[in-house]
Amino acid sequence: MGDKGPNGARVVAVVLAAGSSERMEGRDKIYAPLGGRPLIYYSLALFEECAEVDAVIVVAAAGSENETRAVARDYGLAKIREVVAGGVERRDSAAAGLSAATSVASPGAAVLIHDAARPFASKTLVRRLLEALVDADGAVPAIRPADTVKRVAEERDVVATLARDVLRLVQTPQAFKLGAIAEAYRVAVRERWPVTDDAAVLEQFGGRVVTVEGERDNFKITYPQDLAFAELVLARKGAGP
Ligand code: C5P
C-alpha cells in the first residue's frame, strides 16, 4: 500500500479547512457547532481512529491556525503533525497540504485528501480507498446521482441531458500515491488550473483514477441548512457527545 516515509508515515491524511464558507452566509462553517463540537473535529477524529493512518496535516485558513491547534489539543488528536496555512483557491490549499505531507512521508506513501466540511466519512470507506490504490494512482468515493443532470448554456438554456447511468457524484476523502499527486499539483499551481476535485489534477497527467462505492451520509456542509440536516444524521448515528 505504501513505503515507509522518512518519518515513518505510510499513510498521511491532509484535511482541508481553509475555505471562506462563502455560501454559509458569513459563518466559518469549519468551526460551526455540530453535536456540540466544531465541525472540523469529525474529520480529524475519523483519521485519529483509523489504524491505517499514521499522520495528519491540517490546512487552515491563514490566521486560523491557532484555532485549529486548539481543537487538536482540546480533543487529544495526537496524529496531527502540522497545521499549515491554506490559500485563496482550494488548489493552493491542497498544494500546501501536499507539500507538508512530503516532509513526513516518502513519494511511495499514500495520501488521503479530505474536506473538513464532510463530517460523516467512515473508516470502512478509508479502507476501501486505500485498498483500491493497489492497481491505481488514485481512488475516489462515488455515488450515483439521484437527479438527472443537464448541461446548460448562458446559465439557462438546456444544451444536453446526460445519461445518468455513466455519471457519478464524487466525494472525499480521495486517496493517491503521494509522489504522483504532489507532482501533478506542482504543475496545477504553476499554471493556475481551476481545480474543484483533486483526482482531476492527476487525470490531466493520464493517471489511473478508479471509483469506490461512496456514502450517502458523506455529504459536504455547504449551505446553512446542511448543518441542521447534519444534526439529524448525527443523532441517527448516535454519535453525539
Ligand atoms: O468551498 P468548498 O465547500 O468546496 O470547500 C471544500 C473544502 O475545501 C472545505 O473543507 C474547505 O475548507 C476547503 N478549502 C480550502 N481552501 C480553499 C477553499 C476550500 O481548504 N481556498
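Worth saying up front: this structure is predicted, and the values here are computed from it rather than measured. Whatever order the structure lists ligands and atoms in, that order sets their numbers, starting from 1.
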How far is [atom] from its nearest protein heavy atom, and which residue and atom name does that atom have?
atom: atom 7 (C) of ligand 1; result: Asp115 OD1, 3.4 Å
atom: atom 12 (O) of ligand 1; result: Gly19 N, 2.9 Å
atom: atom 5 (O) of ligand 1; result: Lys220 NZ, 4.4 Å
atom: atom 9 (C) of ligand 1; result: Leu16 O, 3.7 Å
atom: atom 20 (O) of ligand 1; result: Ala18 N, 2.8 Å
atom: atom 1 (O) of ligand 1; result: Arg23 NH2, 3.5 Å

Worksheet entry | Arg192 atom CZ, over 12 foreign heavy atoms within 6.0 Å |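 Counting neighbours around CZ of Arg192, 12 or fewer heavy atoms of other residues, nucleotides or ligands fall under 6.0 Å, so no.
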Worksheet entry | Flag if over 12 foreign heavy atoms under 6.0 Å of CZ, Phe229 | no
Discussion item. Are any of the N/O atoms on Ala116, whether in the backbone or the side chain, positioned under 3.5 angstrom from an N/O atom of ligand 1?
Written reply: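 Yes, Ala116 has an N/O under 3.5 Å of an N/O on ligand 1.
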Worksheet item: For ligand 1, does Thr222 get within less than 4.0 Å through its side chain, its backbone, both, or neither, judged by non-hydrogen atoms?
Response: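 No part of Thr222 is near ligand 1 at this cut-off.
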Worksheet item: Is it the side chain, the backbone, both or neither of Ala17 that has a heavy atom closer than 4.0 Å to ligand 1?
Response: backbone
Cationic N near anionic O, under 4.0 Å, [X] to [Y]:
X: Lys237; Y: Asp217; answer: yes
X: Lys220; Y: Asp226; answer: no
X: Arg186; Y: Glu183; answer: yes

Practice prompt. Just go through Arg90, Lys29, Arg118 and tell me whose heavy atom is the nearest to atom 17 (C) of ligand 1.
Written response: Arg90
Worksheet item: Which atom names give the shortest non-hydrogen contact between Asn218 and Pro173, and what distance separates them?
Response: ND2-CD, 4.4 Å
Worksheet item: Does even one non-hydrogen atom of Gly87 get within less than 4.0 Å of ligand 1?
Response: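 The answer is yes, since Gly87 has a heavy atom less than 4.0 Å from ligand 1.
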Going by the atom numbers of ligand 1, which of them fall below 4.0 Å from some non-hydrogen atom of [X]?
X: Ser93; value: 15 (C), 16 (N), 17 (C), 20 (O), 21 (N)
X: Ala117; value: 10 (O)
X: Val88; value: 21 (N)

